[in-house]
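Numbers here simply count residues along the sequence, with the first being 1. Model, not experiment: these values are computed from the prediction. We use all heavy atoms of the structure for the numbers below, so side chains are in, but hydrogens, waters and symmetry mates are not.
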Amino acid sequence: MIRTELVKMLRRPRTWVSLLLLCGLPGIVAAFLGVTKVAPPAGQGPAFLSAVLSNGTLYPAAALAMVLPLFLPVSVAVVGGDAVAGEANSGMLRYLLLRPVGRTRLLVAKLAALVAFVLIAVVAVTLSSYAIGVAVFGAKPASAVTGASLVTSMSGTGLTTTQVLLRLACAMLYVGVSMLGVGAIALFLSTLTDSALGAALGALAALVTSQILVSLDAAAAVHPYLPTRYWLAWIDFFRAPVLWHDIERGLALQAVYVAVFLAAAWANFATRDVTS
């Protein structure tokens, strides 16, 4: 069942269009930066974008900062919202449940496909932007003393290319976990309706509300519990030493959201009437 869902996901044109758009945005930005050689001042624009002209190995971090606020959550919400609602609307869900396939098993297969999409999307953005960054901006020359190229961290200290790549891998995992929170919300809403678009828009509405409240001082009391509050905490991986406080809080918060909404999705889907 999991294999069937994975193949189904990979065969859908929507999957590849989403990946193309996710990888295309950093490519377009790199083209403009490469031609004009004008990067935004430090502290303005996506994180790390002001530093990529001197070292293209940082471009994957800048690319993640570009796609995280909007493009990546939208892609995940669309896939999660379509997981159950799309097949319910087409009548395929009723056919599937007439076969000897347990609802829990089917929901787990849908979740596995969603997780696979999140991982593929994050890896595709990172690898493509790394190749683009090195090709357009080049890599920083190695130090004559240590033999290793040094990248200035967010704390002002030097990081070797190996350290940058390791921290980039950690950032990828963190972003992936954050997007699983989005996927869990969309998957839950997908079990409530036959409209894939409605489920996706509902998940996005929740995220937009969270973003607005995060920026609102009057809502400071609920900031630590909002799903988007710690999305950008992965930037702390690029400090020396790494600041773990917000990273740990972000992982714990997403774990709660994933557990709660997956449990709610299972409870609703297990008792849902799909025969009417």
Side-chain angles (χ1 to χ4, degrees), residues 18-75 119-176 178-179 211 214-215 228 230-244 246-247 250:
S18 298
L19 294 176
L20 181 62
L21 292 174
L22 286 172
C23 297
L25 175 61
I28 292 173
V29 174
F32 277 102
L33 290 178
V35 171
T36 63
K37 303 299 182 182
V38 178
Q44 297 183 19
F48 302 101
L49 197 57
S50 60
V52 298
L53 289 181
S54 60
N55 195 332
T57 58
L58 279 176
Y59 197 61
L64 288 176
M66 289 179 216
V67 302
L68 183 56
L70 180 61
F71 284 84
L72 189 54
V74 168
S75 299
L119 292 177
I120 291 172
V122 174
V123 170
V125 170
T126 304
L127 293 183
S128 63
S129 58
Y130 183 83
I132 292 171
V134 172
V136 175
F137 308 112
K140 195 169 185 178
S143 167
V145 177
T146 64
S149 60
L150 294 179
V151 177
T152 303
S153 70
M154 300 290 289
S155 304
T157 57
L159 297 174
T160 65
T161 300
T162 301
Q163 290 175 323
V164 170
L165 294 179
L166 178 60
R167 296 176 188 226
L168 185 60
C170 293
M172 290 167 55
L173 291 175
Y174 185 89
V175 171
S178 297
M179 291 302 100
Q211 291 281 47
V214 164
S215 63
T228 62
Y230 298 103
W231 270 8
L232 294 178
W234 60 269
I235 294 175
D236 290 339
F237 281 117
F238 293 89
R239 303 185 191 276
V242 176
L243 300 181
W244 292 101
D246 283 356
I247 294 174

Test log, rule ring pair (Phe, Tyr, Trp, His ring centres under 6.0 Å), inputs W244 and F237: CA-CA 8 Å; W244 292 101; F237 281 117; 5.6 Å; yes
When rounded to the nearest 0.5 angstrom, what is the spacing between [atom1] in [X] and [atom2] in [Y]?
| X | Y | atom1 | atom2 | value |
| --- | --- | --- | --- | --- |
| C170 | F238 | SG | CZ | 8.5 Å |
| L173 | L119 | CG | CG | 8.0 Å |
| R167 | I235 | CZ | CD1 | 14.0 Å |
| Q211 | L70 | CD | CG | 9.5 Å |
| L72 | L22 | CG | CG | 6.0 Å |
| I247 | L243 | CD1 | CG | 7.5 Å |

Set of ring pair (Phe, Tyr, Trp, His ring centres under 6.0 Å) partners for Y230, sequence neighbours left out: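 Expected list: none.
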Ring pair (Phe, Tyr, Trp, His ring centres under 6.0 Å) partners for F137, two or more places apart: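 For F137 the ring pair (Phe, Tyr, Trp, His ring centres under 6.0 Å) partners, ignoring immediate neighbours, are Y59.
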[Y] side chain reached by [X] side chain, heavy atoms, under 4.5 Å:
| X | Y | answer |
| --- | --- | --- |
| L168 | T57 | no |
| W234 | S178 | no |
| L25 | V125 | no |
| V52 | V136 | no |
| Y130 | L165 | yes |
| L49 | V29 | yes |

Looking only at heavy atoms, which two atoms of [X] and [Y] are closest? And how far apart?
| X | Y | answer |
| --- | --- | --- |
| V123 | M172 | CG2-CE, 3.6 Å |
| Y174 | G250 | OH-CA, 3.3 Å |
| S128 | A124 | OG-O, 2.7 Å |
| S129 | P60 | OG-CA, 3.2 Å |

N/O donor-acceptor pair under 3.5 Å between T160 side chain and Q163 backbone: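 Yes: the side chain of T160 pairs with the backbone of Q163.
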